Amino acid sequence: MLQLSVLLNQKEEIIKRLNIKHFSAESIINEIEQIDEKRRKTQTELDQLLALSNNYSKEIGQLMGQGKKDEAELKKQEVLRHKDHISELQTQKNQLEEELLALLVKLPNLPSSLVPSGKAAEDNEVVRTGGPDITLYSGAKAHWDLASQYRLIDFELGNKITGAGFPVYLGKGAQLQRALISYFLEKANEQGYLEIQAPLMVNALSGFGTGQLPDKDAQMYHVTEDGFYLIPTAEVPVTNIYRDVTVKEEDFPIKLTGYTPCFRREAGSYGKDVRGLNRLHQFDKVEIVQIAHPENSYRILDEMVEYVESLVKSLGLKYRILRLCGGDMSFASALTYDFEVYSAAQQRWLEVSSVSNFEAFQSNRLKLKYKDKNGKMQFAHTLNGSALALPRIVAALLETYQKEDGIDIPEVLWKYTGWKRIN
RNA sequence: GGAGAGAUGGCUGAGCGGUUUAAAGCGGCGGUCUUGAAAACCGUUGUACCGAAAGGUACCGGGGGUUCGAAUCCCUCUCUCUCCGCCA
C-alpha cells in the first residue's frame, strides 16, 4: 500500500510511474484526495466537539463532588445537545476512513526506475543467461514421460485422490523432492537465513499484509468454515511474523527461510502450460525472505539474485535471469527478477524463481517499522525470492540429464539422495 | 468438545464509574557525582490521527452497548491459563 502522504505530495509523478505498470491511477488518486480532505475536516470538527464534551464531563464530576447537583444537571443538558452530532461525525469519519483504505489498497506498488516499460512476458529484459548448452540424444523425452517410465511421479493417482494438479511422487521421485528441499534449506542456512516452519494456512489479516487480499484472492484456496486461506507461498506466513512489529535498526537485515508446500488455484490455466509439472495446484518451494533497511534494500535484492543464481548454477541447469517489465510484474513489487531454466525436451523456458523488492509496500500494510536515528518511525523494506520452486527444477533436471538408459542427478544432491542415478 | 479463571504501557503489576492526566517497580534514555565504572540521586520515557504551531483527539485483547463521563458496568467475539474429555 502506498503511503497517503507520499501519494498526495507527488501525485503527478506517481501517476506517471504507475503508467509503466499499465495502471491508470488518476481517477483513483483524485478520489482519494477528495475523501481525504473530507476526512480531515470531519476529524477536526469531531475532535473539537469531543474536547468540549470531555471538559463538560470533567466539570460535572467536580460539581457532583461538591454536591452541586443542579449545576451539574445543567451541564449534562449542554453535553446532550451535542451527542447526536458527535456520533454522526464519528460514523462519518469511520466511513471515510474505510473508503480511503478501500481505494488505497487498489493502487499497485510503484515500479523502480530500473523497470522496463512493456506490456507482457515478451517485453521482459534478459539480464543474463548461464549454464551449459544442452544437446539431447534423439528420442529424448519430456519429463512427464520420464516420470512415468521410471515411476517417479503418478499424475493419474493424484487425479484420483484429489484432482488434476496434485501429483503423487513415488520412490526416487519422492526422494528427489526431499533431497532438493534439504539441499536448498541447508544452503540458505549457510547464508545466514533463519529456518522457519510456518503454518500452511493463514488468516485474512496475514493475506492482507503481504498483498494477496483483498481482490487478489482468486489464487488462494479458501477454508470458509474457519476463515483461513491455504498459503500460495511461504512468503505469506513468514513475512507476517513481522506484522505489527517494530524492529531495532541494528537488527537489519532480518533473513528468514522456509520450506512449505504452496497451494494455488490457478484458475484459467490450460493446455501445454499445465502439462506434467509445468503448473500445479500443490507444489513444494523453499522461500527466502529479508526485512531490510530502506537504504540497503536494492543491494540486498542483488545479493538475493546472486544467491539464487548460485543455486541454479550448482544444479548444472541452463538458465536465464529476467528483469520483469511493468506489465508483467506483480501488484506489490517494485522490482522483480525472474529465473527461468531451460526445459530441453519441451524447448521452452520455465520460471523457477521470482525475486522481488517490495520496498515499503508490504510494510505499510503489515505495520512493520523501525525507529530511525532521529527517533522517527519508518517503514522497513521487505524482499523475498524462491530458492527454489521444485517442480520445474525437477522437470529440467530429468530432461537435461536423461540418457538412453537412465538419468544422472547432479553431484550436489548425492549426499541428500543417497544415490546418483535413476534407472 | 465441557467447566472455571484471565487479557492493563518495553516487562512485572495496581486500579470504589468522576484530580487516573493509568499508581508503583523494573528496564530504556539524558544528567549530577566519579580518573573511569558501579551505587546513589534528579529528570525523562508509547503509537496513530488532526493542527503552521500552541495544542487537541483516539487507543487498557477486538467489536458493540449503558452513562454527562467506562480500564472499571452489560453484551459479543478472539486469544491465554487451569481442570476434564478426546487425540498424533
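The structure displayed is predicted, hence computed values, not measured ones. Numbers restart at 1 for each chain; the letters A, B, ... are given by sequence-line order, proteins then strands.
Side-chain contact annotation: A:Gln149 with A:Lys141, donor-acceptor N/O pair under 3.5 Å present. Side-chain atoms of A:Glu249 and A:His293 include a donor-acceptor pair closer than 3.5 Å. No side-chain donor from either of A:Gln175 and A:Tyr169 sits under 3.5 Å from a side-chain acceptor of the other. No hydrogens or angles considered: a donor-acceptor pair under 3.5 Å links the side chains of A:Glu195 and A:Asn189.
For B:rG17, there is no paired base (Watson-Crick or G-U wobble, both distances below 3.5 Å). Base pairing of B:rA52: no nucleotide in any strand meets the Watson-Crick or G-U wobble criterion (both distances under 3.5 Å). Nucleotide B:rU78 is matched to B:rA7 when pairs are restricted to Watson-Crick or G-U wobble geometry with both distances under 3.5 angstrom. Nucleotide B:rA40 forms a pair with B:rU32, judged by Watson-Crick or G-U wobble geometry with both contacts under 3.5 Å. Under the Watson-Crick or G-U wobble criterion, with both distances below 3.5 Å, B:rG27 is paired with B:rU45. Shown here, B:rU66 forms no base pair; nothing in the strands shown gives a Watson-Crick or G-U wobble contact with both key distances under 3.5 Å.
What separates NZ of A:Lys371 from C1' of B:rU47 is a distance of 9 Å, to the nearest Å. Spacing between atom CG of A:Asp244 and atom P of B:rG61 amounts to 16 Å, rounded to whole angstrom units. As a whole-Å value, the separation of A:Asn364 CG from B:rU47 P is 17 Å. Distance CD (A:Gln77) to C1' (B:rG69): 15 Å, rounded to an integer number of Å.
Separation of the C1' atoms belonging to B:rG28 and B:rU80 is 28 Å when rounded to the nearest angstrom. Spacing of P atoms, B:rA24 relative to B:rG46, comes out at 16 Å, to the nearest Å. As rounded to the nearest Å, B:rA54 and B:rU45 have P atoms that lie 15 Å from one another. Here the separation of B:rU76 from B:rA5, taken at their P atoms, is 15 Å to the nearest Å.
Of the residues listed (A:Leu368, A:Ile300, A:Val245), the one engaging A:Ile291 in a side-chain contact (heavy atoms from CB on, under 4.5 Å) is A:Leu368, and it is the only one. Applying side chain to side chain donor-acceptor pair (under 3.5 Å) to A:Asn278 and the options A:Gln346, A:Arg392, A:Glu351 leaves one that passes, A:Gln346.
A:Lys255 forms a cation-pi arrangement with A:Tyr193, by the criterion of a distance under 6.0 Å to the ring centre and an angle within 45° of the ring axis.
The stretch residues 41-50 of chain A comes close to RNA chain B through A:Gln43, A:Thr44, A:Asp47, A:Leu50, each having a heavy atom under 4.0 Å from the strand.
Of the candidates B:rA48, B:rG51, B:rU67, B:rU67 carries the atom nearest the A:Lys83 side chain, counting heavy atoms from C-beta on. Of all nucleotides listed (B:rU57, B:rG51, B:rC68), B:rC68 comes nearest to the side chain of A:Leu80.
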For nucleotides 17-21 of chain B, which of its nitrogen or oxygen atoms have a protein nitrogen or oxygen under 3.5 Å away, and what is each distance?
unit_1	atom_1	unit_2	atom_2	d
B:rG18	N2	A:Ser57	O	2.8

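Checking the phosphate oxygens (OP1, OP2) of B:rG51, a side-chain nitrogen or oxygen of A:Arg40 falls inside 4.0 Å. Taking 4.0 angstrom as the limit, A:Arg39 places a side-chain polar atom (N or O) nearer than this to OP1 or OP2 of B:rC50. Put simply, A:Asn54 has a side-chain N or O that comes within less than 4.0 Å of OP1 or OP2 on B:rU57. Dashed line: the shortest gap from a side-chain N or O of A:Lys369 to OP1 or OP2 of B:rA48 is under 4.0 Å.
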Practice task
Check the pair A:Phe358 / A:His381 against ring pair (Phe, Tyr, Trp, His ring centres under 6.0 Å), numbers first and verdict last.
Solution key: CA-CA 7 Å; A:Phe358 301 93; A:His381 281 192; over 10 Å; no
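Proximity of A:Phe228 to A:Val202: side-chain heavy atoms (C-beta onward) are nowhere separated by under 4.5 Å.
A:Gln177 approaches A:Val394 most closely through the heavy-atom pair OE1-CG2, 3.4 Å.
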